[in-house]
**Student:** 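One structure, pasted below without further comment.
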Amino acid sequence: MTHNKYFFSGRLEAVRQTPGGGNVPQEFVPEDNPEGPHEKDVLPLAATADPFGSPSYNINPMLLEAIRMTDLFWDLPQYTTFSQMVDQIYYGVTYITGWVPGTHGKKSTGM
């Protein structure tokens, strides 16, 4: 039997209660201020929701939950600028895949 550290540590419950992991929306300056950032400069995202009503950003629900349960995701609120976040990802991430490992058993060969 495997031990799931996130289930027993309460991480799964924390993901359900605060799916943003402590991240806060970006603050914008008024449009008449020439300094940025301005809200009009933000690329809009799809407004889809996961089964619990939290934004899913058009990501597969299983992959989104795996992202939300990582330690890196929960550490991101301490980085307040885009460059700090990119540096953390660049230097801290050692492995990434576009799917959840173990969910792709057999390759399809077509007809």
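Atom set for the values below is all heavy atoms of this structure, side chains included, hydrogens, waters and symmetry mates excluded.
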**Student:** Would you indicate whether Gln78, at its atom CD, is surrounded by more than 12 heavy atoms from other residues, nucleotides or ligands within a distance under 6.0 Å?
**Tutor:** yes
**Student:** Quick check: closest heavy atoms across Glu31 and Glu39, and the distance to 0.1 Å?
**Tutor:** OE2-N, 3.7 Å
**Student:** Can you hop from Val93 to Phe82 via hydrophobic side chains spaced under 4.5 Å?
**Tutor:** yes
**Student:** Would a 4.5 Å heavy-atom cut-off, applied to side chains only, mark Met85 and Ile89 as touching?
**Tutor:** yes
**Student:** Where do Trp74 and Asp71 land on the side chain to side chain contact (heavy atoms under 4.5 Å, CB included) test, with the steps shown first?
**Tutor:** CA-CA 5 Å; Trp74 287 84; Asp71 294 331; 5.9 Å; no
**Student:** Counting only heavy atoms not in Glu27 (residues, nucleotides, ligands), do more than 12 fall under 6.0 Å from its CD?
**Tutor:** no
**Student:** Could you measure the distance from the CZ atom of Phe73 to the OG1 atom of Thr70? Nearest 0.5 Å is fine.
**Tutor:** 7.5 Å
**Student:** Is Gln84 reaching over with its side chain to a backbone N or O of Thr80, donor-acceptor style, under 3.5 angstrom?
**Tutor:** yes
**Student:** Main chain of Asp32, side chain of His38: is a donor-acceptor contact present, judged purely on distance under 3.5 Å?
**Tutor:** no
